[in-house]
Each structure stands twice: as C-alpha cells, then as structure tokens.
Asks: 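First the structure, which I've put down as structure tokens, then a few questions once you've had a look.
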Amino acid sequence: MPLTPEAAEELHELTTRLRGGLKQYPDFPKPGILFEDILPIFATPSLHDALLRALEIHITAQHPPTLTPPFAGVDVVVGLEARGFLFGPSLALRLGAAFVPVRKAGKLPGECVKVGYQKEYGEDFFEMQRGAIKEGSRVVIVDDIIATGGSAEAAEMLVTMCGGTVVEFCFLMELGFLKGRSKLTAPVYTLLTGQE
Ligand SMILES: O=P(O)(O)OC[C@H]1O[C@H](OP(=O)(O)OP(=O)(O)O)[C@H](O)[C@@H]1O
Ligand SMILES: Nc1ncnc2[nH]cnc12
C-alpha cells in the first residue's frame, strides 16, 4: 500500500535526521573497508526513536494486517547478530510481532539450523533455533547494513528452512556498490544508501 503524503513527509524528515547520526571510519576492521558506524544513533534518544518510527511507518504501510485471511501483517521480526539486535526487538514490539534472533554459531541452545556465509570483511556461520518460527509465519528480516548481502542471504535460508516466508528485508543502510540485494529473493527496503 502506498504511503499517505503525511507519512511520506514524516519518513523523509526521519531519514534526513538519521543520515546525520552515522559516522564513518576508514580502514576498519580491515584496510580498504570504509566502516559505517551506526552506534551514534543509539546514543541519541531522538535518533533511536526516529529509526524505529521510520521502519514502523514503512512496514505497517507495506504489510497492513487484515481482518480476513491471509491476515497479512508481520508475524515475526528476525534480527541478525549483533547490530540487528539493537532495534529488532523494539521494532517487533511496535508491530505486535514476535522477535527471533539469528546468532553466530555456537551461541544458541537446543536444535538449530545452520548456514555458512561470506560478508564484506570475512566469513562466518549463522544459526537459528529450529522451533523459533512457526510454519507459514510472515517474517521481516532486519539488520543495520546490507553490504555484500551474504549475511542477509544466509538469514533468508534459515527462515525458509524453518518453514517461514520472508516478506521483506529492512535495513538502515545499503552499500549500493556491492549490489547485495541481488542475492536476495524477498523485496529489500533500506532507509539510506551510502558509498555510491
Ligand atoms: O552484507 P554483508 O557483507 O554480509 O555485511 C553485512 C553484515 O556485516 C555486519 O555484521 P558483522 O558480521 O560485522 O557483525 P556484528 O554486527 O556482530 O558486528 C553488519 O551488521 C551486517 O550484519
Ligand atoms: N562497511 C561496513 N560498515 C559497517 N558494517 C558493515 N558490514 C559489512 N560492511 C560494513
């Protein structure tokens, strides 16, 4: 569903403010990487709120709950360790959805599904608890940044392995030159683009 003009204006104002909350660090964590630090946003309550509000505006317009089947809406917000944990749970609460974490390997108890992946500056393994998502759940995957898309692609695989459907990916920022969205099956929404 398209945004109302009022919501579009509010979203524009929020994203403009959010851009001012990012800080860049050259050659971190490796030479040649320009690191986008999102932590200043969480050090400023008004920016922290702006991030949650911006994603809430987008997601509620894009996935409105309906009173009749298929009921649409969002059942689960999946956040990726670690920075997806900073706003995923609060966003889930605003949407009336569950929050489920995707963690780096070896951190979650019980039966887990596991996928290996490559990211902009290394490689890793992600896990999710097998029973965390009910069959047929509508899932939004959130993270701070999509760079190569390796992390997000691995998370989409885990959700699918658990029987969920990824209805959208939402990121604070996309590093457009790495074309990470091309790895993903579900639609991708980002509040900001960077390093064009
Ligand atoms: O699109 P990609 O190339 O996969 O890169 C994006 C991922 O890299 C960063 O996480 P990182 O693995 O550094 O973990 P952290 O949040 O624990 O620092 C970032 O938070 C994303 O999850
Ligand atoms: N350039 C970057 N800055 C911050 N987080 C990242 N994750 C992957 N690439 C990144």
Side-chain angles (χ1 to χ4, degrees), residues 15 18-44 47-48 50-52 54-55 58-59 76-92 99-108 112-129 132-133 139-162 164 166-196:
T15 52
L18 284 167
R19 182 170 288 285
L22 294 171
K23 192 158 182 228
Q24 296 185 321
Y25 290 87
D27 298 320
F28 181 87
K30 289 183 175 173
I33 302 292
L34 180 58
F35 190 83
E36 304 279 352
D37 185 19
I38 63 154
L39 295 180
I41 287 176
F42 296 92
T44 308
L47 288 181
H48 186 171
L51 172 60
L52 292 169
L55 293 174
H58 169 77
I59 293 171
V76 182
V77 172
V78 164
L80 311 192
E81 183 173 356
R83 288 170 256 158
F85 293 0
L86 294 173
F87 57 97
S90 318
L91 179 65
F99 175 78
V100 170
V102 161
R103 295 212 63 181
K104 307 278 165 73
K107 303 281 186 183
L108 289 169
C112 291
V113 285
K114 182 174 180 177
V115 171
Y117 64 96
Q118 297 216 317
K119 58 186 170 182
E120 192 185 12
Y121 41 70
E123 52 190 37
D124 232 316
F125 286 88
F126 264 160
E127 287 185 344
M128 180 187 276
Q129 286 172 315
I133 291 182
V139 176
V140 169
I141 295 177
V142 300
D143 203 1
D144 61 333
I145 284 174
I146 175 167
T148 64
S151 310
E153 182 186 30
E156 186 172 35
M157 281 181 207
L158 292 175
V159 170
T160 305
M161 286 157 85
C162 291
V166 179
V167 294
E168 197 167 21
F169 288 90
C170 291
F171 302 96
L172 167 58
M173 172 172 264
E174 172 177 23
L175 305 186
F177 75 102
L178 290 170
K179 305 196 184 328
R181 63 169 65 218
S182 67
K183 289 201 175 76
L184 309 178
T185 310
V188 175
Y189 177 73
T190 65
L191 293 170
L192 304 171
T193 50
Q195 302 185 20
E196 288 298 283

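Read the numbers this way: they start at 1 and go in the same order the structure lists the ligands and their atoms.
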Asks: Protein N/O near ligand 2 N/O, under 3.5 Å, which pairs?
Replies:
unit_1   : atom_1 : unit_2 : atom_2 : d
ligand 2 : 1 (N)  : L34    : O      : 2.9
ligand 2 : 1 (N)  : E120   : OE1    : 3.0
ligand 2 : 3 (N)  : E36    : N      : 2.9
ligand 2 : 5 (N)  : R83    : NH1    : 3.1
ligand 2 : 7 (N)  : Y121   : OH     : 3.3
ligand 2 : 9 (N)  : E120   : OE1    : 2.5

Asks: Just to be sure I'm reading this right: ignoring hydrogens, which of D144, L172, T148 gets closest to atom 20 (O) of ligand 1? Compare them by their nearest heavy atoms.
Replies: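 It is D144 whose heavy atom sits nearest to atom 20 (O) of ligand 1.
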Asks: Any heavy atom of L80 closer to ligand 1 than 4.0 angstrom?
Replies: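 The answer is no: ligand 1 sits nowhere under 4.0 Å from a heavy atom of L80.
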Asks: Show me the side-chain donor-acceptor pairs of residues 141-148 shorter than 3.5 Å, one per line, residues at least two apart or across chains.
Replies:
unit_1 : atom_1 : unit_2 : atom_2 : d
D143   : OD1    : G84    : N      : 3.4
D144   : OD2    : R83    : NH1    : 2.7
T148   : OG1    : G150   : N      : 3.2

Asks: Tell me, please, which residues at least two apart from F177 pass side-chain contact (heavy atoms from CB on, under 4.5 Å).
Replies: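 Result, side-chain contact (heavy atoms from CB on, under 4.5 Å) vs F177: E120, L175, Q195.
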Asks: Counting only heavy atoms, tell me which of R103, K104, E120, K119 gets closest to atom 14 (O) of ligand 1.
Replies: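 The option holding the nearest heavy atom is K104.
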Asks: Kindly write out the residues that satisfy salt bridge (Lys or Arg N to Asp or Glu O under 4.0 Å) with E156, not counting sequence neighbours, or none if the list is empty.
Replies: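 Not a single residue meets the salt bridge (Lys or Arg N to Asp or Glu O under 4.0 Å) criterion with E156.
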Asks: Are the ring centres of F35 and Y25 closer than 6.0 Å?
Replies: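 Ring centres of Y25 and F35 not closer than 6.0 Å.
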Asks: Strictly below 4.0 Å, N to O, side chains only: are E127 and K104 in salt-bridge contact?
Replies: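 K104 and E127: not salt-bridged.
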Asks: Is there a heavy atom of A152 sitting under 4.0 angstrom from any atom of ligand 1?
Replies: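 Heavy atoms of A152 never come under 4.0 Å of ligand 1.
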Asks: Tell me whether K30 forms a cation-pi arrangement with Y121, defined as NZ or CZ under 6.0 Å from the six-membered ring centre and within 45 degrees of its axis.
Replies: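 No, cation not above the ring by the 6.0 Å, 45° rule.
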Asks: Please tell me whether F169 and Y189 form a close aromatic pair, meaning their ring centres lie under 6.0 Å apart.
Replies: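 For F169 and Y189, the ring centres are not under 6.0 Å apart.
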